[in-house]
Amino acid sequence: MNSMMAMATDNRAVPLTDGPATSSPLLGVEDLGIAFGATKVVEGLRFSVDPGRTLAIVGESGSGKSITSLAVMGLLGSSASVSGRALFRRRDGEVVDLLRLSPGRSRALRGDEIAMVFQEPMTALNPVLRIGDQLVEVLRNHGRPTRGAARARALEMLRTVGIPDPESRLHAYPHELSGGMRQRVMIAMALMLEPGLLIADEPTTALDVTIQAQILLLLRRLQKSLGMALVFITHDLGIVGQIADDVAVMYSGRVVEAGPARAVLATPNHPYTRGLLGSAPQVDASGTPLPLKPIPGIVPSPVFPPAGCRFHPRCGEAKAGLCDRTEPVLEPTGSARGVSCLRWKEIAS
Amino acid sequence: MRRVLDPVLQIVPTVLVVSLIAFLLTSLLPGDAALSRLGLDATQEQLDTMREQMGLNDPVPVRYLYWLGRAVTGDLGNSLRSGEPVAEVLARRIPVTLELAVFGTGLALLIGVPLGILAAVRRDSWIDVATNLFALSGMAIPFFWLGLLLIMFFSLHLQWLPPSGYVPFFENPVRNLHLMALPSLTIAVAFAATLMRQTRASMLEVLNADYIRTAHAKGTPPIRVILHHALRNALIPIITVLGLQMGTLLGGAIVTETVFGLPGLGRMMVDGIYKRDFPIVQGALITIVVAIVVTNLLTDLCYRFVNPRIR
Amino acid sequence: MTRPLLEVRRLRKTFAPRRRGGSPVRAVTDVSFDLREGEVLGLVGESGSGKSTIGQCLVHLHRPDGGEILLDGENLATLPRGAFRRRRTAVQMIFQDPSSALNPRMSVGDALREALRLHSPHAGRDVIEERLERLLRLIGLQPEHASRYPHQLSGGQKQRIGIARAIAVEPRCLIADEAVSALDVSIQAQIITLLGDLQQSLGLTMLFISHDLGVVRYVADRVAVLYLGRLVEIGPARDIFAAPAHPYTQALLAAIPDPARPLDESAILDDPAGPDPRAAGGGCAFAPRCPHVMDLCRKDQPFLTQVAADHTCACVLRKIHPDRQGETV
């Protein structure tokens with residue numbers, strides 16, 4: 001076990017956290033590969049997250065970020081072949097590889113030690129079951145709570161996520177709640193057993209900006225009070241700045257840039273990160289909007305990925321003969337950061 | 001309360017229209033009721049008296065209102081053949097058909113829904129292919145042929161079950177179940193096939209829903225995900241099909257009762273038609289239609305119960 | 001000043017209650033604004049603010065219960081359906097979900113040809129083909145995209161087609177209803193830039209409906225803010241962003257995600273219940289959520305009051321001028 005944990009730390013090409021170098025991270029994903037038949041949708045993926053910290057995984061639709069979270073949860077169907085390791089430190093200290101767990105052990109972790117919140121609060125709750133029953137089910141899946149204890153816990157969680165009049169909400173059906181309220185219920189459900197790791201897959205994308213801000217605030221508060229690790233998946237760098245400690249930018253199934261969120265947002269090294277930043281609405285100190293600089297084109301299909309650097313067809317900095325031939329690897333750029341670009345030094349200077 | 005009362009009140013006009021159709025169908029059919037009652041050697045005088053007595057000389061609307069007025073009080077007239085009140089004949093016949101329908105529906109549910117779930121969960125496996133084959137043949141085989149096949153196999157070949165006859169349940173339950181087994185299976189097969197296909201289709205759709213992923217993410221045991229989360233939602237269209245198929249089921253009952261010699265509503269109607277016994281035909285027809293309307297009402301109420309979104 | 005292209009006057013729309021015994025939903029209450037020739041007006045608010053209902057009233061997807069919609073002086077609100085159909089190319093809509101707004105069995109070229117023919121029924125084949133090619137280039141696609149079907153396109157490309165179809169008939173004004181909300185930020189930036197370019201080159205007049213002030217800032221010349229079916233603030237975009245007068249506008253601004261700015265906890269409307277038409281009673285609809293709420297707010301409905309040139313706001317904090325009630329903005 002010790003050697004496993006040692007490997008988990010040593011193997012990180014880029015230490016993603018700038019915190020003190022303690023033992024192993026709560027979740028360390030190494031060389032993760034996901035393929036459907038011959039189509040590789042994720043390759044060589046590497047990230048880690050510590051308790052009490054938030055890692056944002058950022059990328060456009062089709063970058064492989066959601067499929068990565070499903071792989072870690074053990075929710076990918078049998079049609080996917082998964083390689084690599086996802087080492088998770090359990091409450092009792094045991095380190096398990098989430099990708100190699102039996103279905104039964106994987107299920108025992110889900111909802112208990114690892115939980116997930118999804119994008120569409122409108123469809124993620126079962127429409128024919130009462131809110132209270134859906135909350136209590138988490139406890140039933142992982143133990144034998146008494147009716148009273150289960151109900152009390154459900155009430156407590158509804159209160160924790162700030163749902164007004166929780167007693168009557170227990171008996172409500174999902175369609176009787178607003179979108180923001182439903183997402184709060186989803187969060188309450190995910191946190192019923194105080195998991196060590198919460199994966200939130202675009203939890204605010206379907207919501208109004210005002211509700212989005214509320215949910216972000218709620219997640220941040222809960223994370224601090226429960227000391228859990230949060231993996232926050234989003235396509236919006238604007239949100240990263242508001243919630244994340246660390247960030248991993250994904251493009252076409254790989255991490256192209258990673259590091260502390262503030263540093264990456266302030267001085268992005270990868271042209272793709274710059275493109276995402278240029279796409280996010282921003283204002284300068286005086287409040288005037290900075291002009292949008294969108295990235296041209298779209299994410300390539302994983303069936304026919306471009307040769308060389310996968311971003312080169314959309315990259316303004318691409319150099320013919322180099323970027324379309326050689327595939328870059330994630331290399332350290334100092335102070336806990338890494339970038340996967342052949343020309344990042346030239347671009348920076 | 002209005003939730004329940006409203007649909008109940010809505011069936012009144014339906015039943016009225018149906019009663020009119022039933023009345024018109026039987027009174028406009030070719031054939032003379034007075035003649036069929038008196039026999040071919042009756043004199044013209046006798047016939048005229050009988051027509052007058054039976055009210056056959058009144059205009060059709062008058063006859064309908066007259067008939068309806070009595071029908072509402074439970075008087076559906078008397079059989080032209082035996083003179084027995086139609087209501088009494090019905091009281092004897094309804095339990096037979098009811099038993100057949102309940103057993104048939106129960107069997108169909110027991111066969112169709114689990115097979116449909118299995119086919120959806122093991123999609124594209126040999127189970128899926130086999131059940132689909134069963135469904136296709138089940139829907140294609142006519143009732144009478146299936147009934148004869150079952151009689152040949154189970155009664156003549158294996159000699160397990162009697163081929164025909166009827167004993168009321170409360171007289172001899174074991175014998176009754178023996179006699180009802182084959183007829184019930186006959187009408188259940190096609191119904192089960194339809195239910196299976198609907199169950200498979202709606203389960204497949206539901207299993208792809210986001211909330212199923214949520215259920216898995218909560219660590220819910222797979223069996224519970226299927227039966228509690230998926231089936232609860234898939235039931236909504238299944239119940240609709242269940243209601244819509246009632247007509248087919250009762251139609252099947254008519255044929256099946258004839259094949260197996262069961263003294264039910266279907267046989268009553270068929271015999272009535274052969275013997276030009278119009279009050280009997282009207283009574284059976286109205287009863288069957290009311291049964292279908294009431295089933296649809298029950299379906300509707302069930303639907304509201306299963307789907308909280310339309311309450 | 002010349003007459004505005006579109007004048008909305010005291011528009012009202014109430015929906016029947018969803019369930020028996022429920023109270024009717026007042027989606028839009030006495031909303032008045034102008035859409036001036038060549039400008040982009042941002043219409044902003046949360047779900048349930050009535051912003052989409054207004055857009056749908058403008059293209060006759062809903063019939064308003066009261067008020068006027070004057071296009072070049074003609075009242076669209078009372079126009080019979082047939083008469084409206086003849087004028088329907090005048091107002092065009094770009095929808096939120098480009099996937100469901102396109103016919104999956106119609107190629108991009110055919111969908112656009114149909115729109116082009118609607119505009120000029122007597123144009124020859126070559127003219128249509130030439131216009132089709134020009135249209136595709138205008139929205140940043142290539143002529144070969146004409147033979148594609150919607151499922152072969154990305155979300156961003158589909159939205160470009162949605163825009164092309166709307167501008168193909170050269171409408172008097174465009175309504176973009178959450179046209180970029182369903183898109184990734186990177187694609188959203190592309191579409192916003194495209195809309196900006198089109199607006200510049202074609203001089204489009206547009207009502208840009210969105211819940212995201214961060215996006216509206218990039219396209220709108222003026223901004224109108226709705227809360228629970230009422231207009232609470234309207235003014236030049238520069239003013240609204242620099243000095244938002246209404247507390248709700250301030251909250252909307254604070255909620256914009258900005259990579260360089262951490263979440264301002266104090267400015268977030270942290271009430272999970274959200275907008276509730278019943279909670280307001282007779283007073284200001286925003287009072288139950290307002291950080292600056294006073295007793296007065298719960299009693300009286302505030303009027304739109306001028307706070308700067310061309311800039312009005314309905315908030316007690318901005319003083320009440322009853323004599324300005326109903327004045328158009």
Side-chain angles (χ1 to χ4, degrees), chain A residues 66 69-70 72-77 79 103-131 133-143 171-176 182 185-186 189-193 195 198-201 206, chain B residues 3 113 117-128 198-199 202-242 299-311:
Chain A
S66 291
S69 65
L70 292 179
V72 169
M73 286 292 285
L75 288 177
L76 275 185
S79 56
R105 290 195 69 196
S106 175
R107 183 168 64 72
L109 282 182
R110 281 200 300 269
D112 182 4
E113 299 200 38
I114 307 175
M116 192 156 175
V117 176
F118 298 97
Q119 176 173 354
E120 285 288 342
M122 295 296 171
T123 53
L125 289 166
N126 194 325
V128 303
L129 302 178
R130 293 177 197 276
I131 299 295
D133 295 338
Q134 301 196 46
L135 288 170
V136 164
E137 190 181 24
V138 182
L139 305 179
R140 295 243 168 79
N141 289 342
H142 301 282
H171 303 284
Y173 287 96
H175 71 272
E176 294 165 329
R182 277 187 240 191
V185 169
M186 279 299 290
M189 201 157 78
L191 302 185
M192 284 293 277
L193 289 165
L198 177 66
I199 302 176
D201 186 0
Chain B
R3 247 168 45 205
V113 173
I117 295 173
L118 211 61
V121 174
R122 298 252 174 279
R123 188 186 184 174
D124 294 332
S125 70
W126 67 268
I127 298 176
D128 191 16
Q198 180 58 55
T199 306
S202 50
M203 277 300 279
L204 278 180
E205 194 184 321
V206 166
L207 283 173
N208 272 324
D210 284 357
Y211 52 80
I212 296 300
R213 195 180 50 185
T214 307
H216 284 299
K218 282 153 77 171
T220 312
I223 295 283
R224 191 176 154 85
V225 173
I226 290 165
L227 296 184
H228 190 64
H229 288 269
L231 189 59
R232 282 286 289 266
N233 283 280
L235 271 181
I236 297 166
I238 295 174
I239 287 173
T240 312
V241 167
L242 203 66
T299 314
D300 200 33
L301 294 178
C302 235
Y303 194 78
R304 281 154 201 261
F305 177 74
V306 175
N307 188 356
R309 281 161 294 185
I310 61 162
R311 269 177 211 166

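Side-chain atoms are counted along with the backbone in the values below, which use heavy atoms only and exclude waters and symmetry mates. Proteins come first, then strands; the chains are lettered A, B, ... in the order of their sequence lines, and each starts at number 1.
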Task: Proximal component of A/L70, with respect to chain B [non-hydrogen, under 4.5 Å] - done: side chain

Open item on the list: Just so I know, are the side chains of A/M189 and B/T214 near enough to count as touching, which here means a heavy-atom distance under 4.5 Å?
Closed with: yes

Task: Side-chain heavy atoms of B/H229 within contact of A/L129, under 4.5 Å - done: yes

Open item on the list: More than 12 heavy atoms of other residues, nucleotides or ligands under 6.0 Å from CZ of B/R224: yes or no?
Closed with: yes

- [ ] Taking the side chain as every heavy atom from C-beta outward, state whether B/H216 and A/M73 have any atom pair closer than 4.5 Å.
- [x] no

TODO: Taking all heavy atoms of B/Y211 and all of A/N126, pick out the closest pair and write down the distance.
DONE: CB-N, 3.5 Å

- [ ] Specify which of A/P174, A/G111, A/A115, A/P127 makes the most heavy-atom pairs with chain B at under 4.5 Å.
- [x] A/P127

- [ ] Give me the one residue out of A/R107, A/R110, A/E137 that meets side-chain contact (heavy atoms from CB on, under 4.5 Å) with B/T220.
- [x] A/E137

TODO: Looking only at non-hydrogen atoms, find the nearest pair between A/L75 and B/A217 and report the distance.
DONE: CD1-CB, 3.9 Å

Task: Side chain / backbone / both / neither for A/M122 at chain B, heavy atoms under 4.5 Å - done: neither

Task: side-chain contact (heavy atoms from CB on, under 4.5 Å) assessment of B/R213 paired with A/M116 - done: CA-CA 10 Å; B/R213 195 180 50 185; A/M116 192 156 175; over 6 Å; no

Open item on the list: What part of B/I236 gets within 4.5 angstrom of chain A, counting heavy atoms only: side chain, backbone, both, or neither?
Closed with: side chain

Task: Heavy-atom closest pair, residues B/P308 and A/V128 - done: CG-CA, 3.7 Å

Open item on the list: To the nearest 0.5 Å, what is the distance between CG on A/L135 and NZ on B/K218?
Closed with: 7.5 Å

